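Every chain is numbered from 1 and lettered A, B, ... according to where its sequence line falls, protein lines coming before strand lines. Source: prediction; values computed, not measured. Below, all heavy atoms of this structure are taken into account, side chains as well, without hydrogens, waters or symmetry copies.
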2 protein chains.
Amino acid sequence: MKTSLVAVDLHGQGCADCAVRGFSVCASLDQFEMREFEHLSRRVNFASCETVFAQEDTSSFFYNLLDGVLRLYKLLPDGRRQIVGFVLPGDFVGMTTEERHGFSADAIGPVTVCQFAKMPFARFADDKPNLLRRMNELAVHELNQARDHMVLLGRRSAEEKVATFLVGWRDRLVELRGPSNIVPLPMSRQDIADYLGLTIETVSRTFTKLEREGIIAILPGGVSLRDSARAEALAAA
Amino acid sequence: MKTSLVAVDLHGQGCADCAVRGFSVCASLDQFEMREFEHLSRRVNFASCETVFAQEDTSSFFYNLLDGVLRLYKLLPDGRRQIVGFVLPGDFVGMTTEERHGFSADAIGPVTVCQFAKMPFARFADDKPNLLRRMNELAVHELNQARDHMVLLGRRSAEEKVATFLVGWRDRLVELRGPSNIVPLPMSRQDIADYLGLTIETVSRTFTKLEREGIIAILPGGVSLRDSARAEALAAA
DNA sequence: GACTTTCATTGATCTGAATCAAAGACCGGT
DNA sequence: ACCGGTCTTTGATTCAGATCAATGAAAGTC
């Protein structure tokens, strides 16, 4: 909720050695473009629970997540919250033509982002079809994810929701750090509930139920997918 | 559900006189680009309830809606349906880099679309930053809508859902055809239910409730927003 | 204009998830 | 190791919306 006072700003110490270089937006840039691009960005750190940007903020920056996890959420005036996505390293956030962000982003645990000022970035991208195409690709991909999530929110039971979330989250981590059925869950139960359109109690009960059924084991800080076939079946059907 | 056998294909009789020219993707093209663009598209008609493309179809075409309304939806294996959006003239659909569409589109009433083959379109767009930027803009806009809809599906009551839908639908029609508080609803109650993550009975009851409260009047083929301030209050909060 | 079919409304009942209410578990600080 | 806070789990109860079941109102069709 609070905004960073202690964020350490260090100029992007080269994109060449960036952890995210190979698979983020920047993957579409050649060597020379990259050289220029470096000067548009700077690294910023945020502590756990700090807000990277808020719903009502003017959208003057884009961010590329380098390390950590973000939650993106929207709040209704009465405080109800819907988490619209979790962000992992390599994901690009906040790209919008609109005046304001429309959603908030905050850090789940310590986070490092690569921050771009909107205007210089837009000027840079303006005549780079490869970058523009890559950004399109990312937007379309996110849109597809968003639509899948609509199906989940509108038409699935609590058990299906939780199973789908666990399988989906595992798959994203597998892509990032290699195969494993141990699924770390850095976000709280409340976060999971607000992502799935449930209450914290229902999430907790559903975890317990899945454990009783032998589908998962609940570990400190995460779960293990004991029977991923059955979890995937719940997620698919 | 069925696919068109009677679709009348007529070559785009000029984009210059196209109803949608001013505000769709094509708005970003200059006179010369437009000349070339014309040859990439052709008009196709669909009768009510015909499928423009299906979830599992290879995505070899994009579409620009010229006339009528489409519903976009996803089906779960067991038949549960989530409508992910309604498409109005000027909207661009089916743009994706992925192999398959991932959702189905069918006509609500007779429809005319402007159809583009994916490959030639991509080749055309490749070196047109203005068009690419416009497409980005549209994708980002859709993504914002999708996120708003997630909030609705995950965190709002039936009454709020219906009110939000009516106000939002009216606003889209106002943009298209000018101000009016009479809101034609070409889609069925079942469609509305599948859009809002409700059942048809709940939608029907909620309409009746809003009418009793004096917020709307139910008309054949639509509603009238009698007290749009109160409807908007329900939609906002 | 009667007849079938589809779609919308209304009513009665049920249920999955929400809400209300305690306990436990797990910190971080001292 | 102990304390105070936060987070998670579990239990009891309620309720919004789903399900089941008619009935009513349009829209074709012959």
K.L.:
What is the separation between atom CG on B:Leu185 and atom C1' on C:dT9, rounded to the nearest whole Å?
P.N.:
16 Å
K.L.:
Write down the distance between CD1 (B:Ile192) and C1' (C:dT9), rounded to a whole number of angstrom.
P.N.:
14 Å
K.L.:
Charged N to carboxylate O under 4.0 angstrom, A:Arg147 versus B:Glu142?
P.N.:
yes
K.L.:
Donor-acceptor pair, B:Ser180 side chain versus B:Ile182 backbone, under 3.5 Å?
P.N.:
yes
K.L.:
Is the A:Phe165-A:Tyr195 ring centre distance short of 6.0 angstrom?
P.N.:
yes
K.L.:
Residues in salt bridge (Lys or Arg N to Asp or Glu O under 4.0 Å) with B:Arg80, at least two apart?
P.N.:
A:Glu160, B:Asp78
K.L.:
Would you indicate what A:Gly197 reaches in the nucleic acid, counting non-hydrogen atoms under 4.0 angstrom: base, sugar-phosphate, or nothing?
P.N.:
sugar-phosphate
K.L.:
Using atom CZ of A:Arg189 as one end and atom C1' of D:dT9 as the other, report the distance to the nearest whole Å.
P.N.:
9 Å
K.L.:
Backbone N or O of A:Ala107 within a donor-acceptor pair of the A:Glu50 side chain at under 3.5 Å?
P.N.:
no
K.L.:
With sequence neighbours excluded, what pairs up with B:Phe103 under the ring-ring contact (aromatic ring centres under 6.0 Å, His included) test?
P.N.:
B:Phe53
K.L.:
Can you say whether the rings of B:Tyr63 and B:His101 are parallel (under 30°), tilted (30 to 60°) or perpendicular (over 60°)?
P.N.:
tilted
K.L.:
Are a donor atom and an acceptor atom from the side chains of A:Ser24 and A:Asn64 found within less than 3.5 Å of each other?
P.N.:
yes
K.L.:
Using 4.0 Å as the upper bound for N to carboxylate O, is an ion pair formed by B:Asp91 and B:Arg172?
P.N.:
yes
K.L.:
Closest heavy-atom contact between B:Cys49 and B:Arg71?
P.N.:
SG-NH2, 4.2 Å
K.L.:
Without decimals, in angstroms, what is the distance between A:Leu219 CG and D:dT8 P?
P.N.:
15 Å
K.L.:
With the threshold set at under 4.0 Å for non-hydrogen atoms, list the residues of residues 198-211 of chain A touching DNA chain C in residue-number order.
P.N.:
A:Leu198, A:Thr199, A:Glu201, A:Thr202, A:Arg205
K.L.:
When the C1' atoms of the five terminal pairs at each end define the local axes, what inter-axis angle does the helix from C:dG1-D:dC30 to C:dT30-D:dA1 show, to 10 degrees?
P.N.:
50°
K.L.:
Determine whether more than 12 heavy atoms belonging to other residues, nucleotides or ligands lie under 6.0 Å from atom CZ of A:Arg100.
P.N.:
yes
K.L.:
Find every protein N or O atom lying less than 3.5 Å from an N or O atom of nucleotides 25-30 of chain C, and list the pairs.
P.N.:
none

K.L.:
Is a side-chain donor-acceptor pair under 3.5 Å present for B:Asn45 with B:Thr112?
P.N.:
yes
K.L.:
Measure CG/A:Asp194 against C1'/C:dA18 and give the value in whole Å, please.
P.N.:
14 Å
K.L.:
Does anything in residues 153-164 of chain B come within less than 4.0 Å of DNA chain D? Heavy atoms only, and list the residues if so.
P.N.:
B:Ser157, B:Ala158
K.L.:
Determine whether the side chains of B:Ser59 and B:Lys118 contain a donor N or O and an acceptor N or O closer than 3.5 Å.
P.N.:
yes
